[in-house]
There are 2 protein chains.
Amino acid sequence: MRRKVTLKQIAKELDISISTVSKSLRDSHEISEETRQKVQAFAKLYNYKPNNIALSLKNKKTKTIGIIIPEIVHHFFATVISGIEQVANEKGYNVIVCLSDESFDKEVINLEMLASGSTDGFIMSLSKETQQKKDFHHIEEVINQGMPVVLFDRITNDVFCDKVIIDDQQAAYDAVSFFIEKKYKNIALITTVDYVSVGKLRTEGYLKALKEHKIAAQNHLILKIEDIEHCQDSITELLQNNEIDAVFAVNELFAVTAIKTALKLGKKVPVDIAVIGFTDGIISQFSTPTITTVSQNGIKMGQKAAKILIDRLEKEEEDEQYTTEIIETNLVFRESTTT
Amino acid sequence: MRRKVTLKQIAKELDISISTVSKSLRDSHEISEETRQKVQAFAKLYNYKPNNIALSLKNKKTKTIGIIIPEIVHHFFATVISGIEQVANEKGYNVIVCLSDESFDKEVINLEMLASGSTDGFIMSLSKETQQKKDFHHIEEVINQGMPVVLFDRITNDVFCDKVIIDDQQAAYDAVSFFIEKKYKNIALITTVDYVSVGKLRTEGYLKALKEHKIAAQNHLILKIEDIEHCQDSITELLQNNEIDAVFAVNELFAVTAIKTALKLGKKVPVDIAVIGFTDGIISQFSTPTITTVSQNGIKMGQKAAKILIDRLEKEEEDEQYTTEIIETNLVFRESTTT
DNA sequence: CTGAAAGCGCTTACAG
DNA sequence: CTGAAAGCGCTTACAG
């Protein structure tokens with residue numbers, strides 16, 4: 001075993017001081033050409049790499065970004081991480097990932113853990129429980145301690161910080177307006193309970209589109225799903241008991257379940273029922289029929305969030321001006337709608 | 001802004017020494033009850049949390065695990081991370097994730113970056129390029145420096161370390177044997193090029209199953225795909241030009257593409273062509289028909305890998321005995337096969 | 001041109 | 001019972 005070599009060892013070996021070694025490796029002009037060469041050659045030979053931890057302690061920055069998300073087994077979140085990773089890597093940052101598992105407590109614990117010196121800042125998306133409790137003191141605490149936070153997708157307006165979102169309401173509005181223009185009469189909505197911020201906004205977009213086209217919203221066409229694991233039954237009920245010719249679903253899972261249920265009930269998609277989903281993930285691409293969907297560019301969200309965070313980290317002055325970046329969405333047309 | 005408080009500040013505030021503060025907080029019996037109480041109360045008030053970086057430097061361990069995988073936008077890998085996170089968290093470890101993007105160079109850079117003090121050990125799955133080049137010096141280097149590595153899924157036998165895999169050959173053998181027992185005559189294989197270790201092993205399992213049942217392998221029924229992005233064409237060709245009644249695909253994507261292609265060619269699945277895939281991911285669950293598949297328990301792989309790594313990290317003696325853990329797989333029967 | 005000293009935030013063996 | 005000192009691995013202002 002060949003342990004990692006330190007400045008101290010190099011200094012001893014070469015019989016010079018640690019300071020001289022350090023300066024030589026940083027190519028300081030204080031040091032003679034000769035010494036520099038010698039030290040550099042030696043360091044190379046022994047494959048010297050400065051210890052990140054020591055540097056972090058000294059510089060008071062870790063060059064790492066903390067990511068806290070509800071789940072990773074979610075194509076959208078994986079996609080965002082991928083985007084963050086990309087720009088973080090380019091700028092010499094590492095990425096620590098923690099999962100809240102949709103739990104408030106885990107979110108708090110992870111945040112505090114990472115805030116104790118491990119990261120320079122955070123990129124996060126709130127857990128469901130956090131959104132439900134509306135308790136954001138942990139995030140405010142961290143910001144107060146001088147660590148910037150960028151919130152994305154599942155955000156809150158109660159915390160002042162940078163945010164990266166899509167215009168959920170507008171995107172839903174566009175999707176539903178498409179249906180209306182195509183003369184669909186009974187447009188159902190399959191959404192989440194209201195405390196999920198993005199679900200609520202998408203619901204609002206649906207309602208707004210109906211209202212602006214002077215169509216009365218009908219409560220029995222709106223399904224708010226609490227328990228995602230068992231959405232099957234309520235969706236069956238929805239489709240069975242109503243004359244529905246179009247469905248707007250606020251996520252992929254609801255969309256694919258609606259399609260499968262419709263098929264099972266003997267209806268044809270998109271002929272009898274057209275479906276538009278949300279999030280252009282794996283399911284939308286590989287379902288049969290493939291699903292028309294609002295594409296929510298996760299990679300871009302991640303990239304943008306990372307850019308904003310790193311800019312703030314590397315800016316000298318404290319800038320109290322927070323931005324909310326809105327990533328554009330668009331409808332990706334596939335087989336679950338007719339054109 | 002309220003910066004994080006340090007021992008030094010507490011010491012100054014309370015007019016005692018740093019050592020005394022440190023010991024009080026660790027509840028040392030060296031310190032008087034009174035002082036301890038006072039310090040602890042004060043620390044609580046100011047929400048003192050020891051600085052992880054300082055601890056890492058002092059203790060020479062970071063309590064973080066480095067994960068290097070080819071991609072995160074891959075349900076299987078996301079699943080493994082999830083498993084790792086779970087046990088890491090339980091044991092007080094954090095997780096740094098780096099992506100190699102299937103590139104050898106990125107894998108090396110990331111590994112070296114993290115090895116410079118940021119993590120205590122690694123869990124990794126090799127990039128395609130690494131498997132192709134068969135260059136593993138970077139991994140050996142890290143192990144040599146005393147940092148344990150656990151390889152999973154895409155591993156190599158050229159490196160001595162702990163490994164977590166499934167029995168890819170056996171799993172493929174089982175799947176193909178199922179077809180044979182069901183009297184399927186022309187069983188096609190859709191696989192990757194041979195340098196992808198798991199692809200190769202699954203191919204071997206296919207061949208072995210045929211051989212043991214005294215069926216001659218037919219080259220025109222074996223499709224090795226290089227460019228995953230454009231597998232569509234070659235799969236169409238395969239299905240069009242041959243009398244195939246069963247397909248074994250070494251991943252989900254190939255399986256779903258085979259199904260869609262078959263449907264497009266007017267064949268019914270599973271009646272005309274039965275399909276078994278590999279990796280029980282999102283696609284297999286939501287495709288129509290849903291796909292019978294070899295389930296590769298990613299969560300369990302991640303958990304196991306993390307357990308092995310942490311055990312090794314926390315064991316005192318250097319243990320040269322490496323294990324290769326084999327996670328059991330099983331066939332999950334769905335609609336793409338008849339029973 | 002080189003090196004001793006101080007310091008980042010902590011712990012702990014040792015002295016008093 | 002308390003505190004000064006050394007040390008983890010590094011950098012840099014300062015002295016010589």
Side-chain angles (χ1 to χ4, degrees), chain A residues 3-40 42-43 46-64 113-120 145-147, chain B residues 3-40 42-43 46-64 113-120 145-147:
Chain A
R3 285 264 167 211
K4 293 201 76 73
V5 66
T6 66
L7 290 189
K8 201 177 177 180
Q9 287 161 45
I10 298 182
K12 194 171 168 195
E13 212 66 35
L14 256 39
D15 205 26
I16 53 179
S17 78
I18 295 178
S19 333
T20 304
V21 176
S22 172
K23 287 175 192 158
S24 298
L25 291 176
R26 324 198 92 236
D27 235 353
S28 159
H29 285 282
E30 279 185 64
I31 308 295
S32 74
E33 184 64 27
E34 199 196 331
T35 312
R36 259 187 285 165
Q37 298 265 323
K38 189 175 61 181
V39 174
Q40 287 177 13
F42 192 90
Y46 279 82
N47 193 22
Y48 170 79
K49 292 264 166 41
N51 180 311
N52 292 154
I53 294 292
L55 286 177
S56 297
L57 188 59
K58 183 76 192 158
N59 300 335
K60 304 243 210 177
K61 48 182 157 177
T62 60
K63 286 281 209 166
T64 103
M113 192 156 167
L114 296 187
S116 307
S118 305
T119 65
D120 297 339
Q145 289 171 2
M147 313 175 76
Chain B
R3 286 264 167 211
K4 294 198 77 72
V5 66
T6 65
L7 290 189
K8 201 176 176 180
Q9 286 160 45
I10 297 182
K12 195 170 166 196
E13 211 67 33
L14 257 37
D15 204 27
I16 52 178
S17 78
I18 295 177
S19 333
T20 305
V21 176
S22 172
K23 286 175 192 159
S24 298
L25 291 175
R26 325 199 92 236
D27 236 354
S28 159
H29 284 284
E30 279 186 63
I31 306 297
S32 74
E33 183 64 26
E34 199 196 329
T35 312
R36 259 188 283 164
Q37 298 265 322
K38 191 176 60 182
V39 173
Q40 288 178 12
F42 192 89
Y46 280 81
N47 193 23
Y48 171 79
K49 293 263 168 40
N51 180 310
N52 291 154
I53 296 293
L55 286 178
S56 297
L57 187 60
K58 183 75 191 157
N59 300 334
K60 305 251 217 166
K61 49 182 155 176
T62 60
K63 286 281 209 167
T64 101
M113 191 156 166
L114 296 188
S116 307
S118 305
T119 65
D120 296 339
Q145 290 170 2
M147 313 174 77

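Here is how names work: the chains are called A, B, and so on, in the same order as the sequence lines, proteins then strands, and each is numbered from 1. Basis for what follows: all heavy atoms, side chains included, without hydrogens, waters or symmetry-related copies. As the structure is a computational prediction, the values presented were derived from the model and not from experiment.
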| query | On a whole-Å scale, what distance lies between the P atoms belonging to D:dT2 and C:dG9? | reply |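 After rounding to an integer number of Å, I get 25 Å for this pair.
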| D:dA4 and C:dG7: how far apart are their P atoms, nearest whole angstrom? |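 Their P atoms lie roughly 15 Å apart.
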Is [X] reaching over with its side chain to a backbone N or O of [Y], donor-acceptor style, under 3.5 angstrom?
X	Y	result
B:Ser56	B:Lys63	no
B:Thr62	B:Gly117	no
B:Asn59	B:Lys61	no
B:Ser22	B:Ile18	no

Please determine, for the side chain of [X], which listed nucleotide ([options]) has the closest atom?
X	options	result
A:Ser32	C:dC10, C:dT2, D:dC1	C:dT2
B:Thr20	D:dT12, C:dC10, D:dT2	D:dT2
B:Lys23	C:dT12, C:dC10, C:dG3	C:dT12
A:Leu57	D:dT2, C:dG9, D:dC10	C:dG9
A:Leu55	D:dC10, D:dA4, C:dT11	D:dC10
A:Asn51	C:dC10, D:dT11, D:dG9	D:dG9
A:Ser19	C:dA5, D:dC8, C:dT2	C:dA5

| said: What contact category does A:Ile16 fall into here, base, sugar-phosphate, or nothing, at under 4.0 angstrom with non-hydrogen atoms? | reply: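 Touches sugar-phosphate only.
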| request: Could you tell me whether B:Thr35 contacts a base, only the sugar-phosphate backbone, or nothing, with contacts defined as non-hydrogen atoms closer than 4.0 Å? | output: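 Contact class for B:Thr35: sugar-phosphate only.
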| task | Give a yes or no on whether A:Glu34 atom CD has more than 12 heavy-atom contacts from other residues, nucleotides or ligands under 6.0 Å away. | result |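 Atom CD in A:Glu34 is not packed in, count stays at 12 or less.
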Rounded to whole angstrom units, what separation is found between the [atom1] atom of [X] and the [atom2] atom of [N]?
X	N	atom1	atom2	value
A:Ile18	C:dT2	CD1	P	16 Å
A:Asn59	C:dG7	CG	P	17 Å
A:Lys61	C:dC8	NZ	C1'	14 Å
B:Leu25	C:dT12	CG	P	13 Å
A:His29	D:dT12	NE2	C1'	16 Å
A:Asn52	D:dC10	CG	C1'	11 Å
A:Lys49	D:dG9	NZ	P	17 Å
B:Lys8	D:dA4	NZ	C1'	15 Å

Please confirm whether the shortest side-chain N or O distance from [X] to OP1 or OP2 of [N] is below 4.0 Å.
X	N	answer
B:Ser22	C:dT11	yes
A:Arg26	D:dC10	no
B:Tyr48	C:dC10	yes
A:Arg36	C:dC1	no
A:Lys60	C:dG9	yes

| message | Ignoring hydrogens, what is the shortest heavy-atom contact between B:Tyr46 and B:Val5? Give both atom names and the distance. | response |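 The pair with the smallest heavy-atom distance is O-CG1, 3.6 Å.
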| query | Is there a Watson-Crick or G-U wobble partner for C:dA4 with both distances under 3.5 Å, and if so, which one is it? | reply |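 Matched C:dA4 with nothing under the 3.5 Å cut-off.
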| query | Closer to the 5' end of DNA chain D via nearest nucleotide, is it B:Glu33 or B:Lys58? | reply |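 The 5'-side residue here is B:Glu33.
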